Peer 1: 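Take this structure, written in C-alpha coordinates, and hold onto it; I'll ask about it next.
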Amino acid sequence: MDGKQQTALVTGGGRGLGRQIALKLADSGKDIVIADLNPEEMGKTKRMVHDHGQSAMTVQMDLREEDDVSDTVEAALDEFGAIDILINNAGIAGPNLPCEEISIDEWDNTIAVNLRGVFLMTREVIPTMKAQEYGRIINISSVTGKRPVSQRSPYAATKLGLVGFTRSIASEVGEYNINVNAVCPGSVEGDRIERVFKRYAKARGTDEESVKRSEMEKSARGELVKPDSVADVVDFLCSSQSTQMTGQDLNITAGKVMY
Ligand SMILES: NC(=O)c1ccc[n+]([C@@H]2O[C@H](COP(=O)([O-])OP(=O)(O)OC[C@H]3O[C@@H](n4cnc5c(N)ncnc54)[C@H](O)[C@@H]3O)[C@@H](O)[C@H]2O)c1
(Lines give C-alpha, C1' and ligand atoms only; values in the text may rest on other atoms or scores of the structure.)
Protein backbone atom coordinates (compact mmCIF):
# COMPACT_ATOMS: atom_id res chain seq x y z
CA MET A 1 0.00 0.00 0.00
CA ASP A 2 3.03 2.30 0.18
CA GLY A 3 2.52 5.34 -2.02
CA LYS A 4 -1.22 4.83 -2.61
CA GLN A 5 -3.63 7.40 -1.21
CA GLN A 6 -5.48 5.65 1.61
CA THR A 7 -8.99 6.17 2.95
CA ALA A 8 -10.02 5.60 6.56
CA LEU A 9 -13.63 5.28 7.69
CA VAL A 10 -14.05 6.34 11.32
CA THR A 11 -17.34 5.59 13.05
CA GLY A 12 -18.27 8.04 15.77
CA GLY A 13 -15.80 10.47 14.23
CA GLY A 14 -17.95 13.47 15.16
CA ARG A 15 -16.29 14.06 18.50
CA GLY A 16 -14.11 12.65 21.27
CA LEU A 17 -11.68 9.86 20.49
CA GLY A 18 -13.11 9.36 17.00
CA ARG A 19 -12.31 12.97 16.07
CA GLN A 20 -8.81 12.69 17.52
CA ILE A 21 -8.17 9.47 15.57
CA ALA A 22 -9.54 11.06 12.36
CA LEU A 23 -7.15 14.00 12.72
CA LYS A 24 -4.17 11.76 13.50
CA LEU A 25 -4.85 9.63 10.41
CA ALA A 26 -5.26 12.82 8.35
CA ASP A 27 -1.83 13.89 9.63
CA SER A 28 -0.42 10.64 8.29
CA GLY A 29 -1.95 11.34 4.88
CA LYS A 30 -5.27 9.48 4.89
CA ASP A 31 -8.56 10.77 3.48
CA ILE A 32 -11.30 10.43 6.04
CA VAL A 33 -14.92 9.26 6.01
CA ILE A 34 -16.69 10.32 9.18
CA ALA A 35 -19.78 8.26 10.00
CA ASP A 36 -21.82 9.44 12.95
CA LEU A 37 -25.32 10.16 14.23
CA ASN A 38 -24.58 13.83 14.85
CA PRO A 39 -24.33 16.08 11.74
CA GLU A 40 -23.12 19.28 13.48
CA GLU A 41 -20.22 17.59 15.26
CA MET A 42 -19.27 15.71 12.10
CA GLY A 43 -19.19 18.99 10.19
CA LYS A 44 -16.63 20.32 12.69
CA THR A 45 -14.43 17.23 12.32
CA LYS A 46 -14.66 17.53 8.54
CA ARG A 47 -13.44 21.14 8.62
CA MET A 48 -10.62 20.12 10.96
CA VAL A 49 -9.54 17.30 8.61
CA HIS A 50 -9.44 19.85 5.77
CA ASP A 51 -7.30 22.10 7.97
CA HIS A 52 -4.97 19.10 8.38
CA GLY A 53 -4.66 18.99 4.58
CA GLN A 54 -6.79 15.93 3.71
CA SER A 55 -10.14 15.28 2.04
CA ALA A 56 -13.09 14.30 4.19
CA MET A 57 -16.73 13.37 3.80
CA THR A 58 -19.45 12.94 6.37
CA VAL A 59 -22.27 10.40 6.44
CA GLN A 60 -25.06 10.80 8.95
CA MET A 61 -26.01 7.28 9.96
CA ASP A 62 -27.02 5.00 12.78
CA LEU A 63 -24.70 2.05 13.21
CA ARG A 64 -27.53 -0.06 14.59
CA GLU A 65 -29.29 0.03 11.20
CA GLU A 66 -28.17 -2.46 8.57
CA ASP A 67 -29.26 -0.22 5.66
CA ASP A 68 -27.47 2.81 7.10
CA VAL A 69 -24.27 0.80 7.33
CA SER A 70 -24.44 -0.47 3.75
CA ASP A 71 -25.35 3.02 2.45
CA THR A 72 -22.36 4.47 4.33
CA VAL A 73 -19.90 2.03 2.80
CA GLU A 74 -21.40 2.58 -0.65
CA ALA A 75 -21.13 6.37 -0.28
CA ALA A 76 -17.51 6.08 0.87
CA LEU A 77 -16.60 3.85 -2.07
CA ASP A 78 -18.36 6.22 -4.52
CA GLU A 79 -16.38 9.15 -3.16
CA PHE A 80 -12.93 7.64 -2.59
CA GLY A 81 -12.94 4.31 -4.47
CA ALA A 82 -11.60 2.29 -1.54
CA ILE A 83 -11.79 1.78 2.19
CA ASP A 84 -8.34 0.81 3.41
CA ILE A 85 -8.88 1.37 7.10
CA LEU A 86 -11.94 0.91 9.28
CA ILE A 87 -11.94 2.35 12.77
CA ASN A 88 -14.86 0.87 14.71
CA ASN A 89 -14.85 3.63 17.29
CA ALA A 90 -18.48 4.64 17.95
CA GLY A 91 -19.72 3.30 21.24
CA ILE A 92 -21.97 4.15 24.14
CA ALA A 93 -21.29 3.87 27.86
CA GLY A 94 -24.55 2.10 28.71
CA PRO A 95 -26.14 2.27 32.14
CA ASN A 96 -24.28 2.62 35.45
CA LEU A 97 -26.53 0.30 37.40
CA PRO A 98 -26.47 -2.95 39.34
CA CYS A 99 -27.42 -5.88 37.11
CA GLU A 100 -30.85 -6.34 38.66
CA GLU A 101 -31.83 -2.74 37.85
CA ILE A 102 -30.88 -2.82 34.15
CA SER A 103 -33.80 -2.84 31.73
CA ILE A 104 -33.85 -5.06 28.67
CA ASP A 105 -33.88 -1.91 26.49
CA GLU A 106 -30.72 -0.57 28.15
CA TRP A 107 -29.00 -3.94 27.75
CA ASP A 108 -30.09 -4.39 24.12
CA ASN A 109 -29.17 -0.86 23.11
CA THR A 110 -25.64 -1.15 24.52
CA ILE A 111 -25.16 -4.42 22.64
CA ALA A 112 -26.73 -2.94 19.48
CA VAL A 113 -24.30 -0.02 19.26
CA ASN A 114 -21.12 -1.54 20.71
CA LEU A 115 -21.26 -5.03 19.19
CA ARG A 116 -23.94 -5.33 16.50
CA GLY A 117 -22.80 -2.01 14.95
CA VAL A 118 -19.19 -3.21 14.84
CA PHE A 119 -20.28 -6.51 13.30
CA LEU A 120 -22.42 -4.77 10.64
CA MET A 121 -19.69 -2.33 9.66
CA THR A 122 -16.98 -5.02 9.59
CA ARG A 123 -19.16 -7.34 7.53
CA GLU A 124 -19.79 -4.57 5.04
CA VAL A 125 -16.13 -3.57 4.46
CA ILE A 126 -14.53 -7.03 4.38
CA PRO A 127 -15.46 -7.78 0.72
CA THR A 128 -13.82 -4.57 -0.54
CA MET A 129 -10.75 -5.14 1.65
CA LYS A 130 -10.47 -8.74 0.43
CA ALA A 131 -10.75 -7.60 -3.20
CA GLN A 132 -7.94 -5.07 -2.74
CA GLU A 133 -5.92 -7.53 -0.60
CA TYR A 134 -5.32 -4.90 2.01
CA GLY A 135 -7.14 -3.72 5.08
CA ARG A 136 -6.63 -2.51 8.60
CA ILE A 137 -9.52 -2.80 11.05
CA ILE A 138 -9.14 -1.32 14.52
CA ASN A 139 -11.83 -1.92 17.13
CA ILE A 140 -11.97 0.53 20.00
CA SER A 141 -12.56 -1.68 23.02
CA SER A 142 -11.92 -0.65 26.64
CA VAL A 143 -10.09 -1.99 29.68
CA THR A 144 -13.49 -1.90 31.36
CA GLY A 145 -13.97 -5.22 29.55
CA LYS A 146 -10.88 -6.65 31.27
CA ARG A 147 -10.75 -5.36 34.82
CA PRO A 148 -13.66 -5.84 37.19
CA VAL A 149 -15.78 -2.68 37.35
CA SER A 150 -19.11 -2.85 39.12
CA GLN A 151 -22.34 -1.42 37.69
CA ARG A 152 -21.08 -1.44 34.08
CA SER A 153 -22.03 -4.98 33.07
CA PRO A 154 -23.52 -4.30 29.58
CA TYR A 155 -20.58 -2.08 28.59
CA ALA A 156 -18.01 -4.55 29.99
CA ALA A 157 -19.70 -7.43 28.15
CA THR A 158 -19.55 -5.57 24.83
CA LYS A 159 -15.96 -4.43 25.23
CA LEU A 160 -14.58 -7.87 26.15
CA GLY A 161 -16.84 -9.27 23.43
CA LEU A 162 -15.00 -7.03 20.99
CA VAL A 163 -11.70 -8.68 21.94
CA GLY A 164 -13.15 -12.08 20.99
CA PHE A 165 -14.61 -10.62 17.79
CA THR A 166 -11.22 -9.09 16.93
CA ARG A 167 -9.40 -12.42 17.32
CA SER A 168 -12.00 -14.34 15.36
CA ILE A 169 -12.11 -11.92 12.41
CA ALA A 170 -8.30 -11.59 12.43
CA SER A 171 -7.99 -15.33 11.89
CA GLU A 172 -10.58 -15.27 9.10
CA VAL A 173 -9.03 -12.52 6.99
CA GLY A 174 -5.28 -12.58 7.71
CA GLU A 175 -4.47 -14.35 4.44
CA TYR A 176 -5.93 -11.35 2.56
CA ASN A 177 -3.45 -8.98 4.21
CA ILE A 178 -6.20 -7.63 6.43
CA ASN A 179 -5.11 -7.01 10.01
CA VAL A 180 -7.66 -6.71 12.78
CA ASN A 181 -6.65 -5.35 16.16
CA ALA A 182 -8.31 -3.84 19.21
CA VAL A 183 -7.15 -1.05 21.46
CA CYS A 184 -8.31 -0.91 25.06
CA PRO A 185 -8.06 2.58 26.52
CA GLY A 186 -8.42 3.32 30.22
CA SER A 187 -10.23 6.49 31.31
CA VAL A 188 -9.58 9.05 28.57
CA GLU A 189 -9.58 12.78 29.40
CA GLY A 190 -12.65 14.51 27.94
CA ASP A 191 -16.39 15.15 28.19
CA ARG A 192 -17.46 11.55 28.10
CA ILE A 193 -15.35 10.40 31.06
CA GLU A 194 -16.55 13.42 33.06
CA ARG A 195 -20.12 12.20 32.44
CA VAL A 196 -19.13 8.66 33.50
CA PHE A 197 -17.43 10.02 36.67
CA LYS A 198 -20.60 11.96 37.47
CA ARG A 199 -22.65 8.76 37.23
CA TYR A 200 -20.10 6.78 39.32
CA ALA A 201 -20.19 9.54 41.96
CA LYS A 202 -23.98 9.31 42.15
CA ALA A 203 -23.92 5.50 42.28
CA ARG A 204 -21.21 5.48 45.00
CA GLY A 205 -22.63 8.39 47.01
CA THR A 206 -19.48 10.50 46.64
CA ASP A 207 -18.33 13.53 44.58
CA GLU A 208 -16.86 13.59 41.06
CA GLU A 209 -13.45 14.88 42.17
CA SER A 210 -12.95 11.88 44.50
CA VAL A 211 -13.94 9.48 41.71
CA LYS A 212 -11.51 11.15 39.31
CA ARG A 213 -8.68 11.11 41.88
CA SER A 214 -9.24 7.45 42.69
CA GLU A 215 -9.25 6.55 38.95
CA MET A 216 -5.95 8.41 38.47
CA GLU A 217 -4.39 6.77 41.53
CA LYS A 218 -5.17 3.33 40.10
CA SER A 219 -2.73 3.93 37.19
CA ALA A 220 1.03 3.41 37.45
CA ARG A 221 1.61 6.88 35.99
CA GLY A 222 -1.05 8.52 38.18
CA GLU A 223 -2.86 10.09 35.24
CA LEU A 224 -5.81 9.77 32.88
CA VAL A 225 -5.16 8.71 29.29
CA LYS A 226 -4.72 11.47 26.74
CA PRO A 227 -6.85 11.09 23.57
CA ASP A 228 -3.73 11.72 21.50
CA SER A 229 -2.01 8.66 23.04
CA VAL A 230 -4.86 6.45 21.83
CA ALA A 231 -4.77 8.06 18.38
CA ASP A 232 -0.98 7.46 18.20
CA VAL A 233 -1.41 3.72 18.82
CA VAL A 234 -4.23 3.51 16.26
CA ASP A 235 -2.03 5.31 13.73
CA PHE A 236 0.79 2.82 14.44
CA LEU A 237 -1.61 -0.10 13.86
CA CYS A 238 -2.50 1.45 10.48
CA SER A 239 1.15 1.88 9.51
CA SER A 240 3.65 -0.40 7.78
CA GLN A 241 5.51 -0.68 11.11
CA SER A 242 2.88 -3.04 12.52
CA THR A 243 2.38 -5.31 9.49
CA GLN A 244 2.78 -8.52 11.48
CA MET A 245 0.53 -7.54 14.35
CA THR A 246 -2.99 -8.89 14.10
CA GLY A 247 -5.57 -10.25 16.52
CA GLN A 248 -4.06 -8.20 19.35
CA ASP A 249 -5.71 -6.12 22.06
CA LEU A 250 -3.44 -3.33 23.22
CA ASN A 251 -4.02 -1.57 26.54
CA ILE A 252 -3.49 2.19 26.68
CA THR A 253 -4.08 2.92 30.33
CA ALA A 254 -1.09 4.82 31.74
CA GLY A 255 -0.42 1.53 33.54
CA LYS A 256 -3.83 0.98 35.13
CA VAL A 257 -4.31 -2.47 33.59
CA MET A 258 -1.36 -4.71 32.78
CA TYR A 259 -3.08 -7.85 31.47
N1 LIG B 1 -13.64 8.13 26.73
C2 LIG B 1 -13.13 7.11 27.41
O3 LIG B 1 -12.69 7.23 28.55
C4 LIG B 1 -13.05 5.76 26.75
C5 LIG B 1 -12.29 4.75 27.38
C6 LIG B 1 -12.23 3.49 26.79
C7 LIG B 1 -12.88 3.24 25.60
N8 LIG B 1 -13.61 4.22 25.02
C9 LIG B 1 -14.31 3.90 23.77
O10 LIG B 1 -13.89 4.81 22.77
C11 LIG B 1 -14.96 5.03 21.84
C12 LIG B 1 -15.20 6.54 21.70
O13 LIG B 1 -15.48 7.06 22.97
P14 LIG B 1 -15.64 8.64 23.21
O15 LIG B 1 -15.26 8.84 24.61
O16 LIG B 1 -14.96 9.41 22.16
O17 LIG B 1 -17.24 8.76 23.08
P18 LIG B 1 -18.16 10.03 22.70
O19 LIG B 1 -19.47 9.75 23.33
O20 LIG B 1 -17.47 11.31 22.98
O21 LIG B 1 -18.30 9.89 21.10
C22 LIG B 1 -18.97 8.79 20.53
C23 LIG B 1 -19.41 9.17 19.13
O24 LIG B 1 -20.12 8.03 18.61
C25 LIG B 1 -21.33 8.48 18.00
N26 LIG B 1 -22.36 7.45 18.08
C27 LIG B 1 -22.95 6.95 19.18
N28 LIG B 1 -23.89 6.06 18.85
C29 LIG B 1 -23.89 5.97 17.50
C30 LIG B 1 -24.64 5.21 16.56
N31 LIG B 1 -25.63 4.39 16.95
N32 LIG B 1 -24.37 5.37 15.25
C33 LIG B 1 -23.41 6.23 14.84
N34 LIG B 1 -22.67 6.99 15.68
C35 LIG B 1 -22.91 6.85 16.99
C36 LIG B 1 -21.74 9.72 18.81
O37 LIG B 1 -22.62 10.56 18.07
C38 LIG B 1 -20.39 10.35 19.10
O39 LIG B 1 -19.99 11.26 18.10
C40 LIG B 1 -16.15 4.26 22.39
O41 LIG B 1 -16.26 3.00 21.76
C42 LIG B 1 -15.81 4.06 23.85
O43 LIG B 1 -16.44 2.95 24.41
C44 LIG B 1 -13.71 5.47 25.55
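A quick note: this is a predicted structure, and the numbers were derived from the prediction, not measured. As the structure lists them, so they are numbered: ligands from 1, and atoms in each ligand from 1. All values below come from the heavy atoms of this structure, side chains included, with hydrogens, waters and symmetry mates left out.
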Peer 1: Hey, is the main chain of Ser141 close enough, under 3.5 Å, to the side chain of Asn139 for a donor-acceptor pair?
Peer 2: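 Flag not set: sc Asn139 to bb Ser141 has no pair under 3.5 Å.
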
Peer 1: If we ignore angles and hydrogens, is there a donor and acceptor under 3.5 Å between the side chains of Lys218 and Ser187?
Peer 2: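 No pair is found: no donor N or O on one side chain lies under 3.5 Å from an acceptor on the other.
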
Peer 1: Out of curiosity, is Met42 lining ligand 1, as in a heavy atom under 4.0 Å away?
Peer 2: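 No heavy atom of Met42 comes that close to ligand 1.
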
Peer 1: Where on Ser187 is there a heavy atom closer than 4.0 Å to ligand 1, on the side chain, on the backbone, on both, or on neither?
Peer 2: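 It is the backbone that touches ligand 1; the side chain stays farther off.
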
Peer 1: Would you please determine whether Thr11 falls within less than 4.0 Å of ligand 1 on a heavy-atom basis?
Peer 2: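 Thr11 does not count as a contact of ligand 1 under the 4.0 Å cut-off.
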
Peer 1: Measuring from non-hydrogen atoms of Ala93 to any atom of ligand 1, is the shortest distance under 4.0 Å?
Peer 2: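 For ligand 1, residue contact (heavy atoms, under 4.0 Å) with Ala93 is absent.
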
Peer 1: Go through the side-chain N and O atoms of Lys202 and Asn96 and say whether any donor and acceptor fall under 3.5 Å apart.
Peer 2: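 Side-chain D/A pair, Lys202 to Asn96: absent.
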
Peer 1: Distance to the ring centre below 6.0 angstrom and angle to the axis at most 45 degrees; does that hold for Lys130 and Tyr176?
Peer 2: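 The answer is yes, since Lys130 meets both limits relative to Tyr176.
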
Peer 1: Side chain, backbone, both or neither: which applies to Lys159 and ligand 1 if a contact is any heavy-atom pair less than 4.0 Å apart?
Peer 2: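 Just the side chain.
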
Peer 1: Say whether, by atom type as modelled, one donor and one acceptor occur between the side chain of Asp84 and the main chain of Gly135 under 3.5 angstrom.
Peer 2: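 Here the side-chain-to-backbone pair does not exist.
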
Peer 1: Go through ligand 1 atom by atom and flag the ones less than 4.0 Å from a non-hydrogen atom of Gly186.
Peer 2: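 Per the distance check, 3 (O), 5 (C), 6 (C).
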
Peer 1: Taking the non-hydrogen atoms of Met61, is any one of them nearer than 4.0 angstrom to ligand 1?
Peer 2: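 So Met61 counts as touching ligand 1.
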
Peer 1: What part of Cys184 sits under 4.0 Å from ligand 1 if we count only heavy atoms: the side chain, the backbone, both or neither?
Peer 2: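 Looking at Cys184 and ligand 1, no heavy atom falls under 4.0 Å.
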
Peer 1: My understanding is that we take every heavy atom of each candidate and find the minimum distance to atom 11 (C) of ligand 1. Doing that for Asn89, Val183, Val113, Leu17, which one comes out nearest?
Peer 2: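 The nearest heavy atom belongs to Asn89.
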
Peer 1: Indicate, as side chain, backbone, both or neither, the part of Arg195 found under 4.0 angstrom from ligand 1 when only non-hydrogen atoms are considered.
Peer 2: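 Side chain only.
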
